[in-house]
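Read through the structure below, which is laid out as structure tokens, and then see the notes.
Reminder, nothing fancy here: chain letters follow the sequence lines and each chain counts from 1.
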Amino acid sequence: MKIATFNINGIKARIDALPAWMADAEPDVVVLQEIKSMDENFPSEIFEERGYNVETHGQKSFNGVALLSKYPLEDVSRGLPGDPDDDQARWIEATVTGEKDALRICGLYLPNGNPAPGPKFDYKLDWMARLEGRARALLDEETPFLMTGDYNIIPQAEDAARPDAWRDDALFRMEARTAFRRIVNLGLTDAFRARTQGPGHYSFWDYQAGAWNKNDGIRIDHFLLSPACADRLKDCQIDRDVRGKEKPSDHVPVWIELDI
DNA sequence: ATGCCGCCTCATAGGCGA
């Protein structure tokens with residue numbers, strides 16, 4: 001089962017590039033972030049015509065996550081538990097069943113948190129505490145699971161071309177990295193780092209200042225796998241070439257292959 | 001020190017992103 005995550009930075013702007021990449025990559029499941037669309041305006045038909053089931057959790061103008069899956073999407077749940085006043089659309093989860101086992105797939109768009117310090121950074125840290133709570137709850141269940149999406153976290157210096165430039169940024173500040181590390185340390189596996197070590201692997205390049213041409217990127221789109229899920233990991237890759245194509249998002253897809 | 005670029009919208013300027 002091939003599962004991909006992709007922050008598309010607006011479904012309307014990626015109406016050609018997203019299906020083009022999917023036709024090439026042939027993922028079984030796609031976890032989308034920043035659809036920037038309300039549910040009723042998401043062009044589900046485009047994907048349904050290609051054999052995907054579609055579940056969205058959208059909002060107007062900002063944020064928004066979605067699941068596209070060739071397998072049925074069961075027990076769909078929207079919104080990260082822990083704060084009934086949080087109306088930002090950043091979390092969706094569903095169960096898919098492969099040939100061997102069921103898998104709980106959680107799609108997330110973690111808050112950016114800039115400027116830091118400040119209320120937006122506080123919201124990011126609060127959100128990460130809730131994410132840790134959800135991870136703990138899922139670990140108590142029997143179903144293997146993964147949590148994937150745009151984490152807006154640079155885990156280590158090797159995950160940025162210019163780590164010094166990010167030192168005080170909400171994506172790299174110690175409080176944010178520590179919160180991420182605390183979640184991983186529950187027993188989850190960073191799928192990319194389970195397969196590939198060393199610097200120079202990025203999933204985001206800013207539109208500004210020629211970042212792509214200079215390969216001035218950061219790795220902020222991640223797969224965290226539960227122990228039972230990590231046992232099924234066959235591969236994890238970043239589709240970096242997508243950044244150089246026509247009208248790209250500033251993020252590229254990251255995908256895993258699971259024997260499940 | 002800031003903007004760079006590109007997304008969005010009760011748009012044509014301003015908020016947001018990373």
Side-chain angles (χ1 to χ4, degrees), chain A residues 5-21 32-43 56-66 86-91 107-125 127-128 131 148-177 179-180 192 199-222 238 240 242-254:
Chain A
T5 181
F6 192 1
N7 180 325
I8 56 173
N9 191 16
I11 185 60
K12 298 175 194 69
R14 231 57 64 202
I15 201 68
D16 294 322
L18 175 59
W21 164 74
L32 297 175
Q33 304 89 43
E34 287 209 84
I35 63 173
K36 297 186 176 180
S37 162
M38 294 188 291
D39 293 330
E40 54 267 42
N41 294 333
F42 189 83
T56 60
H57 180 38
Q59 70 179 81
K60 199 182 195 59
S61 302
F62 303 114
N63 309 317
V65 289
D86 184 3
D87 55 5
Q88 298 190 30
R90 297 180 175 276
W91 180 268
L108 65 96
Y109 175 46
L110 207 149
N112 174 304
N114 279 305
K120 291 193 173 182
F121 192 60
D122 293 340
Y123 173 64
K124 178 176 196 165
L125 295 180
W127 206 93
M128 294 186 78
L131 178 60
T148 187
D150 177 359
Y151 278 75
N152 271 315
I153 294 284
I154 302 166
Q156 296 184 269
E158 66 180 1
D159 296 309
R162 295 183 304 125
D164 287 350
W166 297 92
R167 185 173 307 282
D168 298 318
D169 192 279
L171 280 64
F172 195 57
R173 284 180 70 96
M174 192 53 70
E175 305 98 305
R177 292 163 60 193
F180 181 77
F192 186 78
H201 304 285
Y202 313 126
S203 64
F204 169 91
W205 295 260
D206 202 301
Y207 288 120
Q208 303 183 64
W212 167 246
N213 289 327
K214 292 186 283 191
N215 195 25
D216 179 11
I218 52 179
R219 192 177 71 91
I220 57 175
D221 299 271
H222 309 300
I238 300 173
R240 77 186 304 281
V242 172
R243 186 64 177 81
K245 294 194 181 295
E246 190 87 4
K247 207 169 177 0
S249 171
D250 40 8
H251 296 249
V252 296
V254 182

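Separating the CG atom in Asn7(A) from the CG atom in Asp250(A) is a distance of 6.5 Å, to the nearest 0.5 Å.
In this structure, the side chain of Arg219(A) does not engage the main chain of Phe204(A) through any donor-acceptor pair within 3.5 Å. Looking only at distances, no side-chain donor or acceptor of Arg243(A) sits under 3.5 Å from a matching main-chain atom of Trp212(A).
Note on Lys120(A): a side-chain N or O is less than 4.0 Å away from OP1 or OP2 of dG17(B). Regarding contacts with the backbone of dA18(B), every side-chain N or O of Tyr202(A) stays at 4.0 angstrom or more from both OP1 and OP2. Of the side-chain N and O atoms in His251(A), none sit less than 4.0 angstrom from OP1 or OP2 of dG17(B). For the OP1/OP2 pair of dC16(B) and a distance below 4.0 Å, the side-chain nitrogens and oxygens of Lys36(A) include no atom meeting the criterion.
Residue Asp169(A) is out of contact with every strand shown, counting any heavy-atom pair closer than 4.0 Å. Contact annotation for Ala209(A): base contact, defined as any heavy-atom pair under 4.0 Å involving a base atom. At the heavy-atom level, Asp150(A) lies under 4.0 Å from the strands shown only through sugar-phosphate atoms.
In this pair, Tyr151(A) and Phe180(A) present their aromatic rings perpendicular. The plane angle is above 60°, beyond the 30 to 60° band.
One atom, CD of Gln88(A), and another, C1' of dG17(B), lie 12 Å apart when rounded to the nearest Å. Taking atom CD of residue Gln33(A) and atom P of nucleotide dC7(B), one finds them 17 Å apart after rounding to whole Å. Protein atom OH of Tyr109(A) is 14 Å distant from nucleotide atom P of dC7(B), rounded to whole Å. If you measure from atom CD of Gln59(A) to atom C1' of dT9(B), you get 14 Å, rounded to the nearest angstrom. Look at CG on Asp206(A): it is 9 Å from C1' on dG6(B), rounded to the nearest Å. The CG-P distance, from Leu32(A) to dC7(B), rounds to 16 Å in whole Å. Between the CD1 atom of Ile15(A) and the C1' atom of dG6(B) there is a distance of 17 Å, rounded to whole Å. Straight-line distance from the CG atom of Asp16(A) to the C1' atom of dC7(B): 16 Å, rounded to whole Å.
Here, dC4(B) and dT9(B) have their C1' atoms 23 Å apart, quoted to the whole Å. With C1' as the reference atom, dC10(B) and dG14(B) are 14 Å apart, rounded to whole Å. Spacing of P atoms, dC16(B) relative to dA1(B), comes out at 23 Å, to the nearest Å. Remark: the separation of the P atoms in dT2(B) and dT12(B) is 26 Å, to the nearest Å.
The two residues Lys12(A) and Lys36(A) make their nearest non-hydrogen contact at NZ-O, 3.4 Å. Closest approach of Ala160(A) and Trp166(A) over heavy atoms only: CB-CD1, 4.1 Å.
Listed nucleotides: dC4(B), dA18(B), dG17(B). Nearest to the side chain of Gln208(A): dC4(B). In the set dA18(B), dG15(B), dC7(B), the nucleotide with an atom closest to the side chain of Lys247(A) is dC7(B).
A donor-acceptor contact under 3.5 Å is formed by the side chain of Asn112(A) with the base of dA18(B).
The nearest heavy atom of DNA chain B to Phe204(A) and to Asn9(A) marks one nucleotide each, and the one closer to the 5' end goes with Asn9(A). Nucleotides of DNA chain B nearest to Tyr207(A) and Ile35(A) differ in position, and the one nearer the 5' end is that of Tyr207(A).
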